[in-house]
Amino acid sequence: MTTGYGHLFSPFPLGQLEARNRVVLAPMTVAYADLNGHVSDAEIEHYGRRAQGGTGLVVTEHFTVNLVGRQLPHQTVVDDRSQLPGLARLAREVHRHGALIVAQIGHAGRYAGPWDSYDREPRLAPSAVPFRLAGERVVTPQEITSAEIAHTITAFGNAAHILAEAGFDGVQIHASQGFLPSQFLSPRMNRRADAYGGDYLGRVKFLLEAVAEIRRRTDPGFLLGVQLLGDEVTDGGWSLAEAVRLAGDLEASGVDFLLPSVTTFETVSGLTSHGEYRRWGYQLGAAIAIRAAVSIPVIANGGITDPRLADDLIGHGLVDALGLARALLVDPDWPTKVAQGRLSEVRKCDCTPPTCLRTQLTGTICHSWPEAAQAAGFLGYASSEASESAPPADADITAAPASA
Ligand SMILES: Cc1cc2nc3c(=O)[nH]c(=O)nc-3n(C[C@H](O)[C@H](O)[C@H](O)COP(=O)(O)O)c2cc1C
């Protein structure tokens, strides 16, 4: 039964596929993979549970295309066929609950971890531009060579190929938030004098080549999306005007959908200190401007949790779908409850700064989950060393009411 949100819960055409509705799990790193980067039971349960709650399209968190580009110790790695069985189980579990699944793939570039060894093993970036990594610590990445660029683009295609074989419906390139593809886009981070730097055409070359390589390595029906940096939100940075232009070039290159997000690690603090991260629609302007320039679907995300407003935005053709990250972490049943008009039962994300941002090193925990779940954490109860008091592996800890 659908109550009053006919646009939000209408089928969502994506490339040659169709999601059952327009509620999308926006990519959100929970970091439940094992230390080898293999998919864990907890990860399968996490994504399966979001599909079970009624989400139409699950976009996974940021999976890395190789070890050099890994940011977090528990990040899923897609660089080898040994990862196929876990990835296939993950895709099957999401499909079993009726959702499509797309993996966000990327490379952290100058943000690759572990950060404590940064001085001994410099990280790759378009240019050796010093920046503040954390607190007052300033580091300088190493300029990536043209051979390493070619190697990295091949790794994007290889990851997509593995994910297609594992049964995923598609991939979404992470070209935002300051990770490697967006480092190339940014005139602040990319000072190269070769073909991969300089003007607009030079700075978008890396991303367009990654798109072409993924298309070359996968069937035409395999979905290809881009998490697109909509605006770096700083003087001299990547601008909304360039993002709008790139959206058209991505569509012409065969990209099926876009999910715009604004700022990088360095510029996000400007927004968060003004409470923007909590503010309704803080990325919406970029999404609407980009949607006006293309015919492929654009997913709006960022502090949008009011289904009436989301339904209106879609109904007016301003965007095509609603991406929810924190709202679906705290309550995987958001789509079912909203579709049935049970708005008062929706659990809300209410901590600032969000606990989920501070717990990624060991596996994300949500402040609004029941205490037992927070204490155990997904990794705690999923690992073989889990204590006897930890919830069993099939326990649905994220679905229990906060007061339980
Ligand atoms: C804990 C956490 C992890 C995130 N991980 C990713 C990620 O892996 N990839 C990505 O593109 N965005 C990531 N994001 C950003 C979200 O996709 C989203 O843009 C942001 O949370 C705002 O949307 P929301 O208000 O629906 O939560 C993350 C956000 C949070 C809070």
Side-chain angles (χ1 to χ4, degrees), residues 23-33 43 46-47 50 55 57-65 69-72 74-78 102-108 111 113 171-182 225-231 233 257-265 268 271-272 275-284 286-287 298-307 309-310 319 321-332 334-335 346-369 377-378:
V23 181
V24 175
L25 173 62
M28 182 164 176
T29 291
V30 288
Y32 297 150
E43 200 171 351
H46 167 74
Y47 286 109
R50 266 95 209 135
T55 295
L57 168 66
V58 166
V59 182
T60 71
E61 67 205 269
H62 186 190
F63 292 174
T64 183
V65 300
R70 176 155 73 172
Q71 184 199 9
L72 295 167
H74 288 286
Q75 190 173 3
T76 307
V77 183
V78 188
V102 161
Q104 183 180 72
I105 55 173
H107 185 297
Y111 295 113
V171 293
Q172 189 223 43
I173 301 175
H174 197 345
S176 189
Q177 292 166 7
F179 291 114
L180 186 66
S182 58
V226 173
Q227 178 94 14
L228 177 59
L229 181 60
D231 193 336
V233 196
F257 70 94
L258 299 169
L259 202 168
S261 58
V262 301
T263 73
T264 67
F265 281 120
V268 71
L271 287 189
T272 46
E276 296 277 1
Y277 196 55
R278 281 266 159 233
R279 194 166 294 172
W280 182 80
Y282 69 96
Q283 307 189 125
L284 186 58
V298 172
I299 301 165
N301 160 250
I304 309 171
T305 53
D306 180 342
L309 287 163
V319 297
L322 167 65
L324 297 173
R326 289 165 295 171
L328 286 174
L329 179 72
V330 60
D331 192 343
W334 193 100
V346 171
R347 268 208 316 271
K348 300 230 168 21
C349 157
D350 62 1
C351 59
T352 305
T355 317
C356 53
L357 275 174
R358 289 181 278 116
T359 50
Q360 292 178 330
L361 274 179
T362 48
T364 291
I365 289 169
C366 173
H367 162 94
S368 297
W369 290 345
F378 264 100

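First listed ligand is number 1; within each ligand, the first listed atom is number 1.
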Self-check item: Any N or O of Thr29 closer than 3.5 Å to N or O of ligand 1
Solution: yes
Quiz item: Gly303 to ligand 1: N or O pair under 3.5 Å?
Solution: yes
Distance under 4.0 Å to a non-hydrogen atom of [X]: what atoms of ligand 1 satisfy this?
| X | value |
| --- | --- |
| Gly302 | 22 (C), 23 (O), 25 (O) |
| Cys356 | 1 (C), 31 (C) |
| Gln227 | 11 (O) |
| His174 | 9 (N), 10 (C), 11 (O) |
| Leu324 | 26 (O) |
| Gln104 | 7 (C), 8 (O), 9 (N), 10 (C), 11 (O) |
| Gln360 | 1 (C), 2 (C), 3 (C) |

Quiz item: Quick one: side chain to side chain donor-acceptor pair (under 3.5 Å) partners of Thr64, sequence neighbours excluded?
Solution: none
Exercise. Name all residues meeting the side chain to side chain donor-acceptor pair (under 3.5 Å) criterion together with Thr76; count only those two or more places apart in sequence or in a different chain, and write none if there are none.
Key: Glu43
Tell me, please: is [X] in heavy-atom contact with ligand 1, that is, under 4.0 Å?
| X | result |
| --- | --- |
| Ser261 | no |
| Ser176 | no |
| Tyr282 | yes |
| Asn301 | yes |

Whether the side chain of [X] engages the backbone of [Y] through a donor-acceptor N/O pair (distance < 3.5 Å, no angle test) should be reported.
| X | Y | value |
| --- | --- | --- |
| Gln283 | Ser261 | no |
| Arg50 | Thr55 | no |
| Thr60 | Gln104 | yes |

Quiz prompt | Nearest neighbour of atom 10 (C) of ligand 1 from the list His62, Arg326, Gln177, on a heavy-atom basis | solution = Gln177
Exercise. Name the option, out of Gly106, Ala325, Ala327, Pro27, that contains the heavy atom nearest to atom 28 (C) of ligand 1.
Key: Pro27
Exercise. Go through Val346 and Thr305 one step at a time and tell me if the side-chain contact (heavy atoms from CB on, under 4.5 Å) criterion holds.
Key: CA-CA 10 Å; Val346 171; Thr305 53; over 6 Å; no
Quiz item: Is any side-chain heavy atom of Glu61 closer than 4.5 Å to a side-chain heavy atom of Tyr32?
Solution: no
Quiz item: Got Leu329 and His46 here, is their nearest side-chain heavy-atom distance under 4.5 Å?
Solution: yes
Quiz item: Shortest non-hydrogen contact from Ser182 to Ser176?
Solution: OG-O, 3.2 Å
Practice problem: Would you name the heavy atoms of Pro332 and Arg347 that are closest together and state the gap between them? | Solution: CD-NH2, 4.4 Å
